[in-house]
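To start, the structure itself, in structure tokens.
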2 protein chains.
Amino acid sequence: MARLSDIIEAFLKTLINEEEGAVEIQRNELANKFNCVPSQINYVISTRFTADKGYYVESRRGGGGYISIKRVNTESAGEYLMHIITSIGNKISQLTSEVFINNFVDYNIIDDREAMLMKAATSDKVLIDIPVEKRDEVRATVLKHMLMSLTVL
Amino acid sequence: MARLSDIIEAFLKTLINEEEGAVEIQRNELANKFNCVPSQINYVISTRFTADKGYYVESRRGGGGYISIKRVNTESAGEYLMHIITSIGNKISQLTSEVFINNFVDYNIIDDREAMLMKAATSDKVLIDIPVEKRDEVRATVLKHMLMSLTVL
DNA sequence: ATTATATAATAGTCAGGGATAGTCAAATTA
DNA sequence: TAATTTGACTATCCCTGACTATTATATAAT
């Protein structure tokens, strides 16, 4: 029998397609539909709907709580960004990062203010407290997540 | 089920916009309009119209009592930003950080894309590799530097 | 008239219950 | 061995209602 997680993943992706890129679910309801414990939904989301794979997830607890999953845009800028994101490795230097960001401005992917923000967040100044051997890794993560966020809106 | 608190929040914010920054309501009347207990109005106000979020609330009991909500007048965006920057300590949680960022959107200091960028750069997801005891420090630094960059352009 | 007191009309506080979602590690399965 | 499944425990958010606090107004006492 196929793994339940795969089935839930497929179900959600179908839903996302039908809803044109975004769904909002209730964790318990979905768990109930598939006769599993609620935390399995978290498992599916954390293993299959990651930022790396092009999804943006938000949630809220309490009465009327929800989990929303958005697929990033796949057209034009979005596609280009996704390409860049996957091309960025686990580490990136400040200099390389700045080159990327400047390119985005040239390509009209981001504007000057957004570039300033991104440079600020990925500068060595900001990451000064992080051990040198970790710094380029954190920078890569920050940069990739910022780019990912741009593909959503 | 939709959250009543969100509906009331939206109602009040619309009212505040229409009235150019200030409203005066009667607690019981509003509770009646939304079929809830009066104390829910207090809940909405205390969770959504806090000083942190840029609102100033006054009230008076007894006959002819009222609750007034005013949106704080922000002189210039730059001044406001500088004020926020200096008010941020050495550490900040993800939640608090998001509250600030949402606030900037409300004040038209940044737009939705910029907010996404900032949230991405200050999220726990991004800082996951930083030891917990350091995480809020790094977040504060990142946030402050990004805000700084906005005061320039 | 003036002052004191009672009553009515507000708003505030707080703790509890219910409804969600998140985390983590143990157990299971492929 | 790695991925999946499970469930106990935790965290967060919302809504309610009983009880309290404050203010204005009407009434009574002087």
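So you know, we letter chains A, B, ... as the sequences are listed, proteins then strands, and number each from 1. These numbers were taken from a predicted model, which means no experiment stands behind them. Worth knowing before you read on, the calculation uses all heavy atoms, side chains too, and leaves out hydrogens, waters and symmetry mates.
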Figure out the [atom1]/[atom2] separation between [X] and [N], and round it to whole Å.
X	N	atom1	atom2	value
A:Glu58	D:dT12	CD	C1'	16 Å
B:Asn32	C:dA11	CG	C1'	15 Å
B:Asn42	D:dC19	CG	P	18 Å
B:Lys125	C:dG22	NZ	P	10 Å
B:Asp124	C:dT23	CG	C1'	13 Å

query: Picking from C:dG12, C:dG22, C:dT20, which would you name as closest to the side chain of A:Ser59?
result: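 It is C:dG22.
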
query: Cation over ring, A:Lys13 on A:Phe49, under 6.0 Å and within 45°?
result: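 So A:Lys13 does make the cation-pi contact.
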
task: Find out if a path of hydrophobic residues (ILVMFWY) with successive side-chain heavy-atom gaps under 4.5 Å connects A:Ile41 to A:Tyr66.
output: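 A:Ile41 and A:Tyr66: separate clusters.
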
- request: Indicate yes or no: at least one non-hydrogen side-chain atom of B:Ser46 is less than 4.5 angstrom from one of B:Thr50.
  value: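 Of all side-chain heavy-atom pairs linking B:Thr50 with B:Ser46, none is under 4.5 Å.
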
- request: Could you tell me whether the side chain of B:Lys144 reaches within less than 4.5 Å of the side chain of B:Ile92, counting heavy atoms only?
  value: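 No; the side chains remain at least 4.5 Å from each other.
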
- request: Could you tell me whether B:Ile41 contacts a base, only the sugar-phosphate backbone, or nothing, with contacts defined as non-hydrogen atoms closer than 4.0 Å?
  value: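 No contact at all - B:Ile41 keeps every heavy atom at 4.0 Å or more from the nucleic acid.
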
message: Applying a 4.0 Å non-hydrogen cut-off, can you work out what B:Asn28 is touching in the nucleic acid: base, sugar-phosphate, or nothing?
response: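 The answer is sugar-phosphate, as B:Asn28 gets under 4.0 Å only of primed atoms, P, OP1 or OP2.
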
- request: Please report the C-alpha distance between B:Glu137 and B:Lys91 in whole Å, then the side-chain angles of each, then the deciding distance to 0.1 Å, and finally whether the salt bridge (charged side-chain N to carboxylate O under 4.0 Å, His left out) criterion is met.
  value: CA-CA 4 Å; B:Glu137 287 175 40; B:Lys91 306 162 71 171; 5.3 Å; no

- prompt: Does a side chain donor of either B:Gln94 or B:Thr122 reach within less than 3.5 Å of an acceptor in the other side chain?
  reply: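 No - no donor-acceptor pair under 3.5 Å links their side chains.
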
message: Do B:Asn102 and B:Lys119 pair up side chain to side chain, a donor and an acceptor below 3.5 Å, judged on atom types alone?
response: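 Side chains of B:Asn102 and B:Lys119: pair found under 3.5 Å.
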
message: Looking at B:Asp111 and A:Arg113, is any side-chain nitrogen of the basic one under 4.0 Å from a carboxylate oxygen of the acidic one?
response: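 No, this pair does not count.
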
Would you list the protein and nucleotides 2-6 of chain D atom pairs, both N or O, that sit under 3.5 Å from each other?
from, atom 1, to, atom 2, distance (Å)
D:dT4, OP1, A:Arg48, NH2, 2.9
D:dT4, OP2, A:Tyr43, OH, 2.5
D:dT4, OP2, A:Arg48, NH1, 3.3
D:dT4, O5', A:Tyr43, OH, 3.2
D:dT5, OP1, A:Leu4, N, 2.9
D:dT5, OP2, A:Ser5, N, 2.9
D:dT5, OP2, A:Ser5, OG, 2.4
D:dT5, OP2, A:Gln40, NE2, 2.3
D:dT5, O5', A:Gln40, NE2, 3.1
D:dT6, OP2, A:Gln40, OE1, 3.3

When you compare the protein's N or O atoms with those of nucleotides 24-28 of chain D, which come within less than 3.5 Å of each other, and at what distance?
from, atom 1, to, atom 2, distance (Å)
D:dA24, OP1, B:Arg60, NH2, 2.7

